[in-house]
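Here is the structure we will look at.
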Amino acid sequence: MGNFGFLMISTFLVLIATLLPYSSASTTRRFHFNVEWKKVTRLCHTKQLLTVNGQYPGPAVVVHEGDTVEIKVTNRIAQNTTIHWHGLRQYRTGWADGPAYITQCPIRSKQSYTYRFKVEDQRGTLLWHAHHSWQRASVYGTFIIYPRQPYPFSGGHIQSEIPIILGTK
Ligand SMILES: *[C@@H]1O[C@H](CO)[C@@H](O)[C@H](O)[C@H]1NC(C)=O
Ligand SMILES: [Cu+2]
């Protein structure tokens, strides 16, 4: 892709990022998570890490209060896996919570599982992470829920956001 195309897409993404906090229509937001191995370089060291979509930390799930969220998780590794939406309250959708052997059977190699739930009466910055064996060591990311109402501070909107995820590797 040329620089111009990249610029266009960047501009588009910035536009979406700018508009996102203001739209309040209830909608279904879909994501596809591939649990897969990927060579990741940090501080001059490269190593094979378990990731979602090759990203470390994994992709951010960004939704609005009131949204229905559908996250299809495809297992592209040899081991079983599951993903848990940490801190998220599941109302009548316990099977979408994620802990292996607690709310679901693990997702087998080459299989998929779709987590479907409605984000109600909650907002803020949460975390998602793998909930099978040791996988959460590198399989995690942010789960951001924008409130339906404007923020209760002057101007009612955010100037900029920098999610900070603390983890070890
Ligand atoms: C993987 O998950 C399936 C259920 O989804 C289970 O029957 C099987 O024992 C698990 N395999 C391992 C190695 O834990
Ligand atoms: Cu957790």
May I ask you to test the Val69-Thr28 pair for a side-chain heavy-atom distance under 4.5 Å? no

Distance (rounded to the nearest 0.5 Å) between Gln104 CD and Asp97 CG: 9.0 Å

Spell out, as yes or no, whether a donor-acceptor pair under 3.5 Å connects the side chain of Trp128 to the backbone of Gly58. no

Please state whether the rings of Phe117 and Trp85 are parallel, tilted or perpendicular, taking 30° and 60° as the class boundaries. tilted

hydrophobic_cluster_shared for Ile102 and Val73, side chain cutoff 4.5 Å: no

According to the interplanar angle, ranging from 0 to 90°, do the rings of His84 and His129 count as parallel (below 30°), tilted (30 to 60°) or perpendicular (above 60°)? perpendicular

Quick one: are Gln122 and Ile145 in side-chain contact, heavy atoms under 4.5 Å? yes

For residues Val63 and Thr27, determine if any side-chain heavy atom of one lies less than 4.5 Å from a side-chain heavy atom of the other. no

Counting only N and O atoms by type, is there a donor-acceptor contact under 3.5 Å from the side chain of Glu120 to the main-chain atoms of Glu65? no

Determine whether a donor-acceptor pair (N or O, by modelled atom type, separation under 3.5 Å) exists between the side chain of Arg89 and the backbone of Asp121. yes

Check: Thr82 side chain, Gly98 main-chain N or O, donor-acceptor pair, under 3.5 Å: yes

Output all residues satisfying side chain to side chain contact (heavy atoms under 4.5 Å, CB included) with Ser112, sequence neighbours left out; order by chain, then residue number. Lys72, Thr74

Using 0.5 Å steps for rounding, measure from the CZ atom of Phe31 to the CD1 atom of Ile71. 6.0 Å

Just checking, is any N or O donor in the side chain of Thr81 or Gln135 under 3.5 Å from an acceptor N or O on the other one? yes

For Tyr56, is there any backbone N or O sitting under 3.5 Å from a side-chain donor or acceptor partner on Arg42? yes

Please say yes or no: joined through hydrophobic side-chain contacts below 4.5 Å, possibly via intermediate residues, are Tyr91 and Phe143 part of one cluster? no

If Ile, Leu, Val, Met, Phe, Trp and Tyr residues are connected whenever their side-chain heavy atoms lie under 4.5 Å apart, and connections chain through other members, are Trp134 and Ile107 in the same group? yes

Verify, without hydrogens or angle tests, whether Asn75 (side chain) and Arg108 (backbone) share a donor-acceptor contact under 3.5 angstrom. yes

Between Trp37 and Leu49, is there a side-chain heavy-atom distance shorter than 4.5 Å? no

Applying ring pair (Phe, Tyr, Trp, His ring centres under 6.0 Å), name anything that partners Tyr113, two or more places apart in sequence or on another chain. Tyr115

If I take atom CD from residue Gln159 and atom NE2 from residue His157, how far apart are they, to the nearest 0.5 angstrom? 5.5 Å

Side-chain donor-acceptor pair under 3.5 Å between Tyr146 and Tyr151, yes or no? no

What I want to check is whether the side chains of Arg76 and Asn34 have a donor and an acceptor closer together than 3.5 Å. yes

Spell out, as yes or no, whether a donor-acceptor pair under 3.5 Å connects the side chain of Ser138 to the backbone of Leu50. yes

Do you know the tightest heavy-atom contact between Asn80 and Ser109? OD1-N, 4.2 Å

The reported gap from OH in Tyr140 to NE2 in His86 (rounded to nearest 0.5 angstrom) is 14.0 Å

Hey, are the side chains of Lys39 and Lys47 touching, using non-hydrogen atoms and a 4.5 Å cut-off? no

Separation between CD (Gln149) and CZ (Arg123), nearest 0.5 Å, reads 9.0 Å

With sequence neighbours left out, the residues meeting side-chain hydrogen bond (donor to acceptor under 3.5 Å, both in side chains) with Arg30 are Glu70

Taking the side chain from Thr51 and the backbone from Glu36, do they hold a donor-acceptor pair closer than 3.5 Å? yes

Find the distance between CD1 (Ile164) and OG1 (Thr142) and round it off to the nearest 0.5 Å. 11.5 Å

Any Val139 side-chain heavy atom under 4.5 Å of Arg136 side chain: no

Return yes if some donor-acceptor pair links the side-chain N/O of Asn53 with the main-chain N/O of Gln55 below 3.5 Å, else return no. no

On a heavy-atom basis, the closest approach of Ala96 and Arg116 is CB-O, 3.6 Å

